[in-house]
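To keep things clear, I will list the structure first and then write my remarks on it.
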Amino acid sequence: MKTYFVDVILPLAIGKTYTYRIPKQFNDSIAVGKRVVVQFGKTKIYSAIIHNVHEKAPERYEAKYILDVLDEKIIVKAEQLALWEWIADYYLCQLGEVMQAALPSALKLASETKIIAADLDTIDRNELNEKEYLILDALEISPEIKVSDIIKLLGQKTVLPILKGLLDKGVIRISEEIAERYKPKKKAFVSLNPVYEDQEAKRELFESLNRAPKQLDAVMTYIHFKRSQEKISKAELLEKSGCGSSALTALVNKEVFNIQEEVVSRISENSDEFLKEVILSEAQQKAFDEIKEGFINKEIALLYGVTASGKTEIYIKLIHEVVDEGKCALYLLPEIALTTQIIERLRFHFGSKIGVYHSRLSENERAEVWKKVLDGEIQIVLGARSSVFLPFCDLGLVIVDEEHEVSYKQFDPAPRYQARDTAIFLGYLHQAKVLLGSATPSIESYYNAKAGKYTLVALNQRYGTAQLPVIEIVSLKSDVKQKAANPYFTPTLIKNIEETLAKKEQVILFQNRRGHTPILLCATCGYSPKCIHCDVSLTYHKSSGQMHCHYCGFREDLIHVCPACGSTHLQNKGFGTQRIEEELGYLLPDAKMARLDLDSTRSKYSFEKILADFDEHRYDILIGTQMVAKGLDFGKVSLIGIINADSLINYPDFRAFERSFSMLSQVSGRAGRRDIQGKVIIQAYATGHRILEQVVNHDYETMFLTEVTERKSYGYPPFYRLIKIEVKHKDNLRVVDCANRLAIQLRQQFGERVLGPEEPLIGRIRNYYINTLLLKMERATVSISKVKEVLRNTLESYHTDKLNKGSFLHVDVDPY
DNA sequence: AGCACGCCGACT
DNA sequence: GTCGGCGTGCTC
Ligand SMILES: [Zn+2]
Ligand SMILES: [Zn+2]
């Protein structure tokens, strides 16, 4: 019999795989992509993924045995492992970090592992030592015990060798719940005994029940609802008939009703299996045909469709085709755009074939979607960023809607991946077609399309008769007197709001989130409370009455006296949207207003609720941040006001102009529906800025051309690749030393392509000082794989240099 | 990531 | 003199 070894991936930021030995009894159950339970270090137990199987015994050390195999079927497919490796390689991070991001944590396991007794009767207790005895005793009292509880029980940290001994003796087992930590939800359904389908039998039943009115009610209710629905659950029947469970039990005992338990998905859904036909308009059909034609020669297409042009119908039709061929489809959306509306719409077409995957799901729900995709029960996934990691088989189509959205990029922690780009690679792995969609494509995607890498399909007709809104730029500079009276609203905007409300139409006001967080400010000396661990101002949270740091979670009670000058004139500036709401309250006391921002949408369904209420005209004015650009078409909005466009445009980032354009265009797109032509008022100081002009003219093309020219001359994407390196150190002087040393080393390889080091906007986070380096590599002439290789080597030697002790690096490839 | 081993300050 | 602080290195 052979002795096998496996190299496993651990869910840790470690750069290598570890080799474990396979006990003979597991020889037949191991396979690449299955999870195994391993002990790593003295005390830790992890579930690891088998990366490869071999027979080479390690020479320099003795491999530990795996403790268990968790899966009967593989849980991570070969394509997924290939994707993980690509991500680790491209984004310069560890495989374990990718694993962490990819696997739902219900499928991972740490020392929260539970053990159960295997067979208490056959154990010869005399063979056990005192500690083993203690564990057995505990297991007799409670059937499941966590490893961490055993540590407490024995009062010692190294319990795994003992447990391992017990495992080997066959006394204990690792609880299945690790493997199946998520449990399918069961639901009881009621059905009528088929003998009563006969009219005569039914009549007799009614007569026999006339002295049991509750039971008769239950039967009648059942028959009534059975006409319109396929299945009736026990709970539903009890509720609708108004009778208690005793009546139902009596009927079950009489064998009138039958109750069976069925596994139902945790994810609420209507099991509507009918696939509905999509009817496309002429323009949509033309775009659809162009996409299909493009897919013959190119794997990737970009659908550039203006707001409300009906891109979704095209997506649905494409998905239909793929599903009919028996393949899977992935429909990616930014988290914030993944609303109930879009989910319902897709459910309507695809019923239970569709699965939804996003960060608001519970861990069990995520694991359930994972398994269903694995088993092929779910063919279509509608999901946010992390759904690129799901175990698809035979993927035929990947759609990335709102392709330009920044939220496709994960910034922290590693893997710092771009889900749109990852989706493109995923498509390549599965030989699937990829469709990117946007009303304002990112410069890089549009450039790729223009350069012929992607098929470009334009859809520039708004659906139905909806017209483009009229956009007006209003200067914030003009009225000095007026401004003193109120800093947010120009008379023009106020006048327009009043007119709109008089027509019984609705208004949306947009305020940029950035730079409008609620900080405390001393009116006398300008002091504002800072975090003690980070170089940022604390933000005030009304709910807790405390000031919080967003970077490290530090909290402090609200202060009432300025620690710098002793003044008591401390102003709480509040959220930007809050202040606007207040100001507007004075100006228009009768208007009903709602806020849509981080603060007002903290609770679970509040986002949906606010939008629904607004849609039903319970509010006249909606004041919101970036969020109002999302959500589907709602309300009877005919006026949109941008409070201050400068804060968007002046943001210090090479993509600020591009983002401002897409933000302002998207928000503007919310104005006007069907019969009403919308109006947009943009307030700004820099009224002559080219971006504003381009927004007014709905001129994406010119925006694109000017951006491309600028990026080419200043060395930014799509012409250059960017790699950001953050050097961190507890000491503010040594961080500069380390960064400089690294810069010199990198310059030996890359010359002037290395920029910096410089201190970033926030110079210290969690007590670590930060310096950043930026690498700019010409995309056309520099081989990225060579760059990465050199970089990997340089970074490795950085860590071995004694001078760099105490510092560490964060690498971010494509940091935008 | 977590844990142990090891080297320097303040406290019985 | 020791207790404990965290900085450093290893885990198959
Ligand atoms: Zn002050
Ligand atoms: Zn902080």
Note to self: What is the distance, to the nearest angstrom, from the CG atom on A:L10 to the P atom on B:dA1?
What the structure shows: 13 Å

Using atom types as modelled, flag every donor-acceptor pair under 3.5 Å from a side chain in residues 547-559 of chain A to any protein atom, sequence neighbours excluded.
from, atom 1, to, atom 2, distance (Å)
A:H548, NE2, A:S544, OG, 3.0
A:H550, NE2, A:T539, OG1, 3.3
A:D557, OD1, A:Q546, NE2, 3.2

Would you tabulate the pairs of protein nitrogen or oxygen atoms and nucleotide nitrogen or oxygen atoms of nucleotides 7-11 of chain C closer than 3.5 angstrom?
from, atom 1, to, atom 2, distance (Å)
C:dT11, O3', A:G41, N, 3.3

Name every donor-acceptor pair, under 3.5 Å, that has one atom in a side chain of residues 737-746 of chain A and the other anywhere in the protein, sequence neighbours excluded.
from, atom 1, to, atom 2, distance (Å)
A:N740, ND2, A:V736, O, 3.2
A:R741, NE, A:N804, OD1, 3.2
A:R741, NH2, A:L803, O, 3.3
A:R741, NH2, A:N804, OD1, 3.1

Checklist line | Between C1' of B:dA1 and CD of A:E97, the distance in whole Å | finding: 10 Å

Could you pull out every donor-acceptor pair under 3.5 Å between side chains of residues 808-816 of chain A and any protein atom, sequence neighbours left out?
from, atom 1, to, atom 2, distance (Å)
A:H810, ND1, A:R416, NH2, 3.4
A:D812, OD1, A:K409, NZ, 2.8
A:D814, OD2, A:Y90, OH, 2.8

Check: Taking only residues at least two apart or on different chains, which pairs with a member in residues 761-776 of chain A satisfy salt bridge (charged side-chain N to carboxylate O under 4.0 Å, His left out)?
Finding: A:D535-A:R764

Next item on the list: Just jot down the side chain to side chain contact (heavy atoms under 4.5 Å, CB included) partners of A:A78, sequence neighbours excluded, or say none.
Entry: none

Notebook entry, point to check: Expressed in angstrom and rounded to an integer, what is the separation of A:I9 atom CD1 from B:dA1 atom P?
Noted result: 17 Å

